[in-house]
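Notes for the one structure printed next.
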Amino acid sequence: MENLSEISRRKFIRNMAAGSLVLLASKAIKVKEVFGKSDISTIPTIVAANSPNPGFATKACIKELGGMSKFVKKNDVVVIKPNIAFDRRPEQAATTNPDVIAALIQECLNAGAKTVKVFDRTCNDARRTYETSGISKVSRKLGADVHYVNEGKFHDVKIPGGVAFKSWPVYDEARECDVFINVPILKQHAVAKVTMGFKNLMGIAGGNRGIWHRNINNSIVDLNSVVKVHLTVLDAYRVLINHGPTGGRLEDVKLFNKIVIGTDRVAVDVYGAKLFGISASELPFIKQASEVGLGEANLEKVSIKEINV
């Protein structure tokens, strides 16, 4: 028998998302593009770009999604949330590639954003992780507002129908912005099996996140249910295939040369799991998130465009 709180959460979020899911289903068609030749002219839900240049691939994906101006309007406040949790260099693939972040900042500012904020609640010392990752340097150079999180800006948010939690402190700036762009790196994780978009939102959660690992799947779905994500940008340029999430050994890193961007956070994580060689059925949060209306888990029902640039 299902837990009553789980049923309550499903009902609440499904009612909120029903309209968008019907629209998604009515337009669902799988698209594949090779070397710029496309079967169809509709704007896809997911674009996956193969390229030796992660920044260029990021911009190419955004263009195929209709351009950043489709998401960012003049004077918008945009949050770009990378993974900067650990004191690791880009080539160690434990943190989001700085070239991806740079491309996103440029696209947002070109679209008219008033402010682009870049931050993460790190595991290692933020002063080290921000610099070692390369993200702080490129972001500040482009004029983004790069700052360490302020513990005083975490406030309790009620989670209707929450299973792991009924409320949790969430960073104010992540919920109050006009546009939220989630930018995880694809990597192995000892507890969750793989880190992608859903888990990357732990970086906007306050409190003792260590207890989340006791019930990681419900925990990350609970959090995602109260945070609006406009774009998920999955950095699969370099992928940490072993000893995640911290990594450190170059022999654990594999070059995938791929950037995946989509408007459906569940579908992006399913696509990422497939890239990693894991079935979505091995990741309980995928099924849970789909059931409560956070996105589509069946990629056959999702419009996907694959390009080489």
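This chain uses plain numbering: 1 for the first residue, then up along the sequence.
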Salt bridge or not for Arg140 and Glu131, using N-O below 4.0 Å?
yes
Taking NZ, NE, NH1 and NH2 as the nitrogens, is one of them in Lys73 or Asp76 under 4.0 Å from a carboxylate oxygen of the other?
no
Could you tell me whether a side-chain N or O of [X] sits under 3.5 Å from a main-chain N or O of [Y], the two making a donor and an acceptor?
X	Y	result
Asn217	Phe285	yes
Arg175	Val170	no
Asn215	Ala164	no
Asn224	Phe198	yes

Any side-chain heavy atom of [X] within less than 4.5 Å of one from [Y]?
X	Y	answer
Val221	Val163	no
Ser133	Thr96	no
Ile46	Val268	yes
Ile181	His230	no
Lys117	Val79	yes
Phe71	Leu231	yes

So, Arg265 versus Asn182: side-chain donor-acceptor pair below 3.5 Å or not?
no
Relative to each other, are the rings of Tyr148 and Tyr130 parallel, tilted or perpendicular (30° and 60° limits)?
perpendicular
